[in-house]
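Data first, discussion second: the structure below is written as structure tokens.
All heavy atoms count here, side chains included; hydrogens, waters and symmetry mates do not. Everything quoted here is computed from the prediction, not taken from an experiment.
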Amino acid sequence: GGARSFGDGRPGTKSSAGWSEQPSRATQGSAQPHPNRAVANILGELEFSSPHSVTLLSLASLSTFSEALLANPSLFKSKVRSMVVMGGALRTDPSKYHDHASYTLRGVEFNFYCDPLAAAHVMHSGVPITLIGLSVANPDALPPAALEKLACSEGTSVPAWLLRQLMLIFDHSATYAAVAAFFLVSPQSFRTQEAWIKVDSSTGRVIETLPEASGAAKISLVTFLDSPSYVTA
């Protein structure tokens with residue numbers, strides 16, 4: 001019954017951390033498992049979980065989670081306690097990151113741009129969501145000295161090693177997905193604030209609005225990362 005976390009990813013993956021070759025638990029006792037293996041994995045895990053015990057972590061587009069929600073909304077909403085979503089641009093100008101293709105495309109944060117309909121569907125689903133957007137997870141999230149410290153870290157843990165490898169490929173890897181994942185480990189290192197938003201299902205743009213606005217979705221918006229605690233974790 002403990003909380004589990006899954007990253008969104010391509011079909012056939014159970015999490016953003018790697019490939020899963022195991023059969024989906026959704027096939028156990030299910031006459032017609034979902035044809036998308038990633039969706040089937042999520043639904044299978046939810047089926048065997050306690051009510052409101054699961055925390056979902058999305059590090060890519062929300063396509064897979066949207067499919068799972070569409071396939072079985074009652075199961076999804078009864079088992080998921082909360083979602084941590086890396087994506088969207090709120091209270092920041094995404095155009096200032098136009099040189100970073102991994103962050104934005106056409107002035108929209110990359111993950112929401114890839115599947116705006118899925119982003120709108122999940123963000124407006126009523127599932128409790130913590131959003132970590134470009135205002136916190138961005139190329140400027142850590143000063144150069146902190147990035148250099150992480151890259152030169154001699155930590156022997158798997159996360160430390162993996163982060164060093166990622167930074168060899170993309171030196172700002174430490175400032176995006178890793179930041180969002182860190183929220184699950186150390187939420188006290190962040191500050192959050194209640195916000196009401198709308199997600200444009202055709203573009204993926206996130207608009208902050210008022211609680212009384214038609215179609216507004218309530219979220220918990222991450223507004224601050226304590227970078228020293230992140231670097232030394």
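Interatomic distance, Leu62 CG to Glu67 CD, rounded to the nearest 0.5 Å: 12.0 Å. To the nearest 0.5 Å, atoms CZ (Phe110) and OG (Ser61) are separated by 8.5 Å.
Annotation: side chain of Met123 is in contact with side chain of Phe112 (closest heavy-atom distance under 4.5 Å). Side-chain atoms of Phe183 and Val185, non-hydrogen and from C-beta on, never get closer than 4.5 Å to each other. With a 4.5 Å cut-off on side-chain heavy atoms, Ile197 and Ile207 do not count as touching. Counting heavy atoms from C-beta outward, Val54 and Arg81 have side chains that stay 4.5 Å or more apart.
Residue pairs meeting the side chain to side chain donor-acceptor pair (under 3.5 Å) criterion with at least one partner in residues 69-78, sequence neighbours excluded, are Asn72-Ser74. Pairs passing the salt bridge (Lys or Arg N to Asp or Glu O under 4.0 Å) check and including a residue from residues 129-139, sequence neighbours excluded, do not occur. Sorted by first then second residue, the side chain to side chain donor-acceptor pair (under 3.5 Å) pairs that include residues 119-130, not counting sequence neighbours, are Ser66-His121.
Closest heavy-atom contact between Phe65 and Ser58: CE1-CB, 3.6 Å. Contact between Leu59 and Ala180 at its shortest, heavy atoms only, is CD2-CB, 3.8 Å. Of all heavy-atom pairs spanning Asp226 and Ser229, the tightest one is O-OG, 2.8 Å. Nearest heavy atom pair, residue Val108 against residue Thr203, reads CG1-O, 3.5 Å. For Asp200 against Pro116, the heavy-atom pair with the smallest separation is O-CB, 3.9 Å. For Thr64 against Ala38, the heavy-atom pair with the smallest separation is CG2-CB, 3.8 Å.
Using a 30° and 60° split on the angle between ring planes, Phe190 and Phe182 fall in the tilted class, from 30° to 60°.
Side-chain atoms of Lys79 come within 3.5 Å of backbone atoms of Glu47 as a donor-acceptor pair (strictly under, hydrogens ignored). Of the possible donor and acceptor atoms, one in the side chain of Ser49 sits under 3.5 Å from a partner among the backbone N and O of Glu45. A donor-acceptor contact shorter than 3.5 Å links the side chain of Thr223 to the backbone of Arg191.
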Mind listing the side-chain donor-acceptor pairs of residues 213-222 below 3.5 Å, one per line with the distance, residues two or more places apart or on another chain?
from   : atom 1 : to     : atom 2 : distance (Å)
Lys218 : NZ     : Glu194 : OE1    : 3.3

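Remark: Phe76 pairs with Leu46, Leu56, Ala68, Leu69, Val80, Met83, Val127 by the side-chain contact (heavy atoms from CB on, under 4.5 Å) rule, at least two apart or across chains. Scanning for side-chain hydrogen bond (donor to acceptor under 3.5 Å, both in side chains) contacts around Ser186 gives Gln188, Ser189, with sequence neighbours left out. Listed by chain and number, the residues in a side-chain contact (heavy atoms from CB on, under 4.5 Å) with Thr92 are Ala89, Lys96, Tyr97, Leu134, Ser135 (sequence neighbours excluded). Evaluation of the side-chain hydrogen bond (donor to acceptor under 3.5 Å, both in side chains) rule for Thr192 yields no partner, not counting sequence neighbours. Applying the salt bridge (Lys or Arg N to Asp or Glu O under 4.0 Å) test to Arg91 and every residue at least two apart in sequence or in another chain returns Glu208. Contacts of Ala181 classified as side-chain contact (heavy atoms from CB on, under 4.5 Å), with partners at least two apart in sequence or in another chain: Leu57.
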Item to check | side-chain contact (heavy atoms from CB on, under 4.5 Å) between Val85 and Asn111, intermediate numbers included | outcome: CA-CA 10 Å; Val85 175; Asn111 288 345; over 6 Å; no
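The same ILVMFWY cluster, assembled from side-chain heavy atoms under 4.5 Å apart, contains both Leu75 and Val39. Residue Phe224 is not grouped with residue Leu131 when hydrophobic side chains (ILVMFWY) are merged at heavy-atom distances under 4.5 angstrom, including chains of intermediate members.
If you check the side chains of Asp115 and Ser63, you find a donor sitting under 3.5 Å from an acceptor.
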